[in-house]
Amino acid sequence: MRIAILHGPNLNRLGKRNPEKYGTKSLDGIGEDVDAAAERLGVSAVHFQSNSEGALVDWVHEHHETLDAFVVNPAGLTPVAYPLLDALRDTGRPFAVVHISQWHALDGRERADIFADSAAVYLAGAGWHGYALALEALVFKATRP
Ligand SMILES: O=C1C[C@@](O)(C(=O)O)C[C@@H](O)[C@@H]1O
């Protein structure tokens, strides 16, 4: 299996940005954690981050045929990114949503997540290791139905 790990806006600043909430690991460090999990599971991971929704959509269009599943943290785009949601749905591949922090503990409108209904896996509040956990859950669901 080949799985994409997609990160939305501001996640390039992980490690420096609000470390009490998001941890001290950089995006590259998280990528290493995910790659180690992928190797252990016998799959491969490819990584992409952008601060622009259009770039994320373009990336999905360009790469989806070579991929089996997605792990996505839409970050601040979570309540509004219908084009990205459409692009992911159009691939016909399962996707996992990850939020590093406790998204589910946010209040009302702030918590709105348009990706939740379509997500095969939903993981919030596990910290940066949530990406590796989500990847493992996707592999588990694909290989042990
Ligand atoms: O950028 C982010 C990161 C986040 O998606 C998370 O991973 O916990 C939570 C969002 O509220 C925030 O806008």
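Each ligand, and each atom within it, is numbered from 1 in the order the structure gives.
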Does the ring center of Tyr122 lie less than 6.0 Å from the ring center of His104?
no

Please work out whether the ring planes of Phe48 and Trp59 are parallel, tilted or perpendicular, with thresholds of 30° and 60°.
parallel

Can you tell me which portion of Ile100 lies within the under-4.0 Å heavy-atom range of ligand 1? Options are side chain, backbone, both, or neither.
both

In terms of residue, atom name and distance, what is the protein heavy atom nearest to atom 11 (O) of ligand 1?
Trp103 CZ3, 3.2 Å

Winner among Gly130, Pro74, Gly76, Gly125 once heavy atoms are compared against atom 13 (O) of ligand 1:
Gly76

Contact region, His7 to ligand 1, non-hydrogen atoms below 4.0 Å, reads neither

Considering only non-hydrogen protein atoms, determine which one is nearest to atom 8 (O) of ligand 1 and report residue, atom name and distance to 0.1 Å.
Ser101 OG, 2.6 Å

Quick one: does Glu53's side chain have a donor or acceptor within less than 3.5 Å of a partner on Leu84's backbone?
yes

If you measure every N or O of Asn73 against every N or O of ligand 1, does any of those distances drop under 3.5 Å?
yes

Side chain Thr66, main chain His63, donor-acceptor under 3.5 Å:
yes

Given Tyr22, Trp128, Tyr131, which one has a non-hydrogen atom that is nearest to atom 12 (C) of ligand 1?
Tyr22

Arg17 heavy atom under 4.0 Å from ligand 1
yes

Going by the rule side chain to side chain contact (heavy atoms under 4.5 Å, CB included), which residues pair with Ala38 if we only count those two or more places apart in sequence or in a different chain?
Val43, Ala45, Leu135

What protein heavy atom sits nearest atom 4 (C) of ligand 1, and how far off is it?
His99 ND1, 3.8 Å

Counting N and O atoms only, with roles assigned by atom type, does the side chain of Asn51 sit under 3.5 Å from a partner on the main chain of Asn10, one being a donor and the other an acceptor?
yes

Check: His64 main-chain N/O paired with Arg93 side-chain donor or acceptor under 3.5 Å:
yes

